[in-house]
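Structure, as structure tokens:
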Number of protein chains: 2
Amino acid sequence: MADLDDIDHALLRLLRQDARRTFSEMAEKVGLSVAAVKRRVDRLRELGVITGFTAQIDYAKLGWGIEAFTELRYSGSAPVSEIIRTATVAPEVQAIYTTAGDPDALVSIRARDMRHLQQVIDTLRRAGNVTGTKTLMVMDVWTRSDVDPMTPTRPSAPSGQSGQSGSPGPSGPTRGGPTRGSGTNRLPGASGPSSTRPRPAS
Amino acid sequence: MADLDDIDHALLRLLRQDARRTFSEMAEKVGLSVAAVKRRVDRLRELGVITGFTAQIDYAKLGWGIEAFTELRYSGSAPVSEIIRTATVAPEVQAIYTTAGDPDALVSIRARDMRHLQQVIDTLRRAGNVTGTKTLMVMDVWTRSDVDPMTPTRPSAPSGQSGQSGSPGPSGPTRGGPTRGSGTNRLPGASGPSSTRPRPAS
DNA sequence: GATGAAATCATAAATCG
DNA sequence: CGATTTATGATTTCATC
């Protein structure tokens, strides 16, 4: 797990709010020189903490006003690769989350209208060995925005997993939805300055 | 619904792949001048098609290796605002999708480990009038990345459409977190609402 | 109404201390 | 890490179709 200091977290927060910010602007906000900021951002990318930069799009404005989540159940023990393959057949599928437990997967779908959604679901049902689906129509979306990427804060306890570094990722594909600036994203029990990396902020 | 031509879609695709691309680079790729590209991107922002630019972060690298979706059920008829409020109490909640039907909402959660996730869910259960929850642990995530924002593809048939084959292609942040940012300080341009624009595809 | 070209200003990238 | 220099890109203006 990368060891980042407060400035690195501040940079992540700034880039999260606006990925097109200039280094100059960020430098001013965090109190470092432009060169230092660039070096840090480059490092964050090398570390894989920042995986990329993307534009957020309001699909509804492009004519794709329907958003839904469909739970998929497969027969037998379908391997993850199989699940992803089948769900990928439809271009309307935006994301696929393979899960442990009852539904075997949860897929995020974007469609133009109900009829279109129906077709997508039918396609999914026919692909591979899907035994059942359950669809949730999304009415409204709220995504955390005020946030800065969470700071590591001390691990709560030796319990579950530890590793799993792959590259998970929640994600609500953009949606013109509402955005509320509320929650803080500081951890409740958080405390300790987790930063392990000595980095004089000056 | 905004009327965009092929070049606009190409720009959306390019910015989706890498939001920090320079106008010069995009200009070269789409075959227009830098000025023209800037004008179009500014317009896409004014239209609200592009809602912002954000950095995609690998939370696992920050020590948040657990990702889960929790379905929430509320007693009575909890209004959307109430649902969002309660789910927002936990900073670990990344996104909230209020849905029509059985679960009243689906929330995306990020946690350090199982124990931590447990705490978050407990918090949600206690907040507001949540009557039940069901959690899906995310094992793997796949998000559409090869794509360009879906093109409206002409509603080919009577009712809605049938051939959804056009050239859609949703796209999800390659793998990052919930997205939602908004302001960009670059690309200001915004000024007057530019009314519809029937434009020659050049 | 939209574009391209050129001039000006801002920012990024590279180098050096 | 900061400062300076140099290269590149962003913006605005203006003339053209």
Side-chain angles (χ1 to χ4, degrees), chain A residues 2-47 49-50 52-56 61 193 195-202, chain B residues 1-50 52-55 151 181-202:
Chain A
D3 65 313
L4 315 177
D5 63 16
D6 293 343
I7 292 181
D8 287 316
H9 281 284
L11 292 175
L12 288 177
R13 183 175 61 74
L14 291 172
L15 285 173
R16 208 152 158 56
Q17 295 175 341
D18 178 5
R20 284 184 75 91
R21 258 185 232 281
T22 62
F23 288 120
S24 323
E25 185 190 343
M26 295 187 275
E28 189 180 0
K29 289 185 187 287
V30 305
L32 279 187
S33 68
V34 173
V37 169
K38 178 180 170 15
R39 277 190 286 265
R40 280 174 181 257
V41 173
D42 285 344
R43 172 170 170 268
L44 289 171
R45 297 194 55 164
E46 284 168 21
L47 288 174
V49 171
I50 290 177
F53 298 98
T54 192
Q56 298 166 270
K61 288 242 167 63
S195 178
T196 328
R197 183 169 55 140
R199 199 78 64 113
S202 159
Chain B
M1 182 180 109
D3 67 314
L4 315 176
D5 62 17
D6 293 343
I7 292 182
D8 287 317
H9 281 284
L11 292 175
L12 288 176
R13 183 175 61 76
L14 290 172
L15 285 173
R16 195 134 178 74
Q17 294 175 343
D18 179 3
R20 285 184 75 91
R21 261 185 227 281
T22 63
F23 287 122
S24 322
E25 185 189 344
M26 295 187 277
E28 189 180 2
K29 289 186 186 286
V30 304
L32 279 188
S33 68
V34 174
V37 169
K38 177 185 167 12
R39 278 190 289 263
R40 294 175 86 116
V41 173
D42 285 346
R43 173 172 169 266
L44 288 171
R45 283 183 48 86
E46 285 168 25
L47 289 174
V49 171
I50 290 179
F53 298 98
T54 193
T151 67
S182 297
T184 293
N185 29 357
R186 217 103 192 285
L187 312 171
S191 47
S194 48
S195 38
T196 26
R197 177 180 59 157
R199 112 189 50 50
S202 174

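First the proteins, then the strands, lettered A, B, ... as listed; each starts at 1. Just so you know, these numbers come straight off a predicted model, no measurement behind them.
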A:Arg21 CZ - D:dA10 P separation (whole Å): 17 Å
A:Arg20 CZ - C:dT11 P separation (whole Å): 13 Å
Short N-O contact, B:Asp3 and B:Arg43, less than 4.0 angstrom: yes
Test item: A:Arg20 side-chain N/O and B:Gly52 main-chain N/O as donor-acceptor pair under 3.5 Å: no
Interatomic distance where CZ belongs to B:Arg40 and P belongs to D:dT11 [whole Å]: 17 Å
Rounded distance [0.5 Å steps], CG in A:Leu15 versus CD1 in A:Ile50: 5.0 Å
D:dG2 base / A:Arg39 side chain donor-acceptor hit below 3.5 Å: yes
Atom pair distance, as rounded to whole Å: CZ in A:Phe23 and P in D:dG2: 15 Å
Spacing of B:Phe53 atom CZ and B:Arg45 atom CZ [to the nearest 0.5 Å]: 5.5 Å
Sugar-phosphate only, base, or nothing, as touched by B:Val34 at under 4.0 Å among non-hydrogen atoms: base
Phosphate OP1/OP2 of C:dA12: any A:Ser24 side-chain N/O under 4.0 Å: yes
Closest nucleotide among D:dA10, C:dA13, D:dT12 to the B:Ala35 side chain: D:dT12
Under-4.0 Å side-chain N/O to phosphate OP1/OP2 contact, B:Lys38 with D:dA10: no
Sugar-phosphate only, base, or nothing, as touched by A:Ala36 at under 4.0 Å among non-hydrogen atoms: sugar-phosphate
Nucleotide of C:dA5, D:dG9, D:dC1 approaching B:Thr22 most closely (side-chain heavy atoms): D:dG9
For atom CD of A:Glu28 and atom C1' of D:dG2, their distance in whole Å: 16 Å
Separation between CG of A:Leu11 and CG of A:Leu4, rounded to the nearest 0.5 Å: 10.0 Å
Spacing between A:Lys29 atom NZ and C:dT11 atom P, to the nearest angstrom: 13 Å
For atom CD of A:Glu25 and atom P of C:dA12, their distance in whole Å: 10 Å
